[in-house]
A.B. asks: 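Supplied in structure tokens, the structure appears directly below.
Quick note on labels: first sequence line is chain A, next is B, and so on, each numbered from 1.
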There are 2 protein chains.
Amino acid sequence: LAPLALLAGGGAMPRTVAEAAQRSGRRVIVLALTGIADPAWLAGYRHHWLSLGRYSRFKRLMRAEQCTDIVLIGSMVRPSLWRLRIDGGSLAILPRIAAAFRGGDNHLLSNLAKILEEDGFRLLGAHEVAPNILVPEGIMTRRTPSSRDRDDIAQGFALLRATGPFDIGQGAVVADRHVVAVEGAEGTDGMLARLLDMRRAGRVSFGDGRGVLIKAAKPGQDRRFDLPTVGPKTVEAAARAGLAGIAVAAGDALGVDQQEMIAAADRAGLFIAGVRAAP
Amino acid sequence: LAPLALLAGGGAMPRTVAEAAQRSGRRVIVLALTGIADPAWLAGYRHHWLSLGRYSRFKRLMRAEQCTDIVLIGSMVRPSLWRLRIDGGSLAILPRIAAAFRGGDNHLLSNLAKILEEDGFRLLGAHEVAPNILVPEGIMTRRTPSSRDRDDIAQGFALLRATGPFDIGQGAVVADRHVVAVEGAEGTDGMLARLLDMRRAGRVSFGDGRGVLIKAAKPGQDRRFDLPTVGPKTVEAAARAGLAGIAVAAGDALGVDQQEMIAAADRAGLFIAGVRAAP
């Protein structure tokens, strides 16, 4: 089997996927995004640094390493088109990149996927190379959602279904059936930090240990990229915000360090529930 | 005509409504919410201070002042039910208040309206006592929306229609057809401040003078309370966030100090558009 290229953005997820893919017997080459990927974990892997916009260099590296399969994984701050360092070979596809930049993230990424496929590469989802990385169905923690929490969870999933077509964030916080925060470009951590601020300023008044973070994929989302992610840091941020727990779309979200995440939730007294989306 | 009671929350809107109602020939009694209403403008009006939860005192004041009609106006931070100072006469309606606190703001306010009506009071909308307070249709500024801005405006109104049933914020920011922020309990000012933070952190990358703040009423909203509000402060916050302009649902939003708001927008080079909602 040819080695797997991992185009690695920020956060802890690229390492989790690299480890799982390697454990499954596949050799991994990391293409680490300059200024975005965390250098700390790369020592154990054959890797190259790559700046956004360097598409010619990307193709050269893929061919030199004899890679066809590629996984895009990790957080990527949406770059400014004008700040991209475009190399010579990227100029030809620049108009398509510019078009891809109009519209939401899904739009950007599907365009990128098309370009990759036309050049003979195969874009895979992280879950296709890292088994067990998808969040399973069921309650994972000692604490279980109350009937009030279940109301909040249902409300949150309904909201995310309604906002799905707009290609925005994949998270929301609902407390006492009241949607208190909707995720936009600030990301889940930004949204949870805002909740703490609002609580301090008296803008939200639900008690400690109430309210649920809901994370779901967009309806019809291409599961090869940008699936929602939860991990120990999500639990810490939710605990700081004083929430009761986290509900995640089962089979449609990636879990980073799931054992550690569950242990962190048990320590903080939060629940984590993998919820199968309504048909 | 009996005097009009104005239950005044925070911000500049209560003063605008009091002035307009008085100009129209109606005597105004202000019931100013303790800790929320701005004391600065009250000197010119007969007024009483009133704490949230003091429903018996509220009824006594209404009767003493021979008021039947009441307008609820101004920002109200959703109070913690447990922090309310409930007086004796409010105890009887406490279970209904507690029930009203479950669910969104609309739910809370419709329940309050029902209680007022059962007690013989008549709840009016600010626009019923203050003519010309609704934002009109049309472009109000020297700058006009570009075709790109119009795309963003359409996208924003479509999003707010989709989130309407969830009784959340009435604002969003769209740039290059990409929804970058959705308003929750943090309010419009909080959302715009976040946009500035995201821009500094490089999380959003649209250029200065791009992106539109969209404000709309919820579909089917009771127009007697909680209509979206814009004013000079909205313009200042939108300008700080680097936006191109503001689009407001015409006839469904209240304008504070509209002349000043338009002048502020012209100075900052922003557009303000009153947009009639799609049928």
Side-chain angles (χ1 to χ4, degrees), chain A residues 35-36 75-84 98 101-108 148 151-152 155-156 158-169 171-187 190-191 193-195 197-199 201-207, chain B residues 35-36 75-84 98 101-108 148 151-152 155-156 158-169 171-187 190-191 193-195 197-199 201-207:
Chain A
I36 302 177
S75 61
M76 300 194 197
V77 171
R78 193 178 173 80
S80 167
L81 184 54
W82 312 117
R83 257 181 272 152
L84 286 181
F101 260 70
R102 304 241 317 150
D105 289 326
N106 253 3
H107 185 66
L108 174 63
R148 188 195 303 257
D151 284 351
D152 290 345
Q155 175 87 332
L159 171 75
L160 294 178
R161 267 196 303 277
T163 60
F166 294 92
D167 194 9
I168 55 176
V173 174
V174 180
D176 292 345
R177 282 192 253 156
H178 187 225
V179 178
V180 289
V182 184
E183 184 179 331
E186 75 278 13
M191 177 178 64
R194 167 160 96 248
L195 209 64
D197 290 344
M198 288 197 276
R199 202 189 267 278
R203 284 201 79 94
V204 295
S205 57
F206 53 92
Chain B
I36 302 176
S75 62
M76 301 195 195
V77 170
R78 195 182 172 78
S80 167
L81 184 54
W82 312 115
R83 258 180 270 152
L84 287 181
F101 262 69
R102 304 242 315 152
D105 289 325
N106 253 3
H107 184 65
L108 174 63
R148 190 196 302 257
D151 285 351
D152 289 345
Q155 174 89 331
L159 171 75
L160 293 180
R161 267 196 303 280
T163 61
F166 294 92
D167 193 10
I168 55 174
V173 174
V174 180
D176 293 344
R177 280 193 254 157
H178 187 225
V179 178
V180 288
V182 184
E183 183 180 331
E186 74 278 14
M191 177 179 64
R194 166 161 97 247
L195 209 65
D197 290 344
M198 285 196 279
R199 202 189 267 279
R203 284 201 80 92
V204 294
S205 56
F206 54 94

A.B. asks: Under 4.5 Å heavy-atom distance to chain A, tell me which part of Ala172(B) shows up: side chain, backbone, both or neither.
C.D. replies: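 Neither; nothing under 4.5 Å.
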A.B. asks: Which atoms form the tightest heavy-atom contact between Phe166(B) and Ala162(A), and what is the distance?
C.D. replies: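 That closest heavy-atom pairing would be CE1-CB, 3.7 Å.
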A.B. asks: Looking at Val174(B), Val180(B), Leu159(B), which hits side-chain contact (heavy atoms from CB on, under 4.5 Å) with Ile168(A)?
C.D. replies: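 Single side-chain contact (heavy atoms from CB on, under 4.5 Å) partner of Ile168(A) among Val174(B), Val180(B), Leu159(B): Leu159(B).
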A.B. asks: What pairs with Glu186(B) under side chain to side chain donor-acceptor pair (under 3.5 Å), at least two apart in sequence or on another chain?
C.D. replies: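 Result, side chain to side chain donor-acceptor pair (under 3.5 Å) vs Glu186(B): Arg194(B).
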A.B. asks: Please test Val182(B) against Thr163(A) for side-chain contact (heavy atoms from CB on, under 4.5 Å), starting from the C-alpha separation and ending with a verdict.
C.D. replies: CA-CA 10 Å; Val182(B) 184; Thr163(A) 60; over 6 Å; no
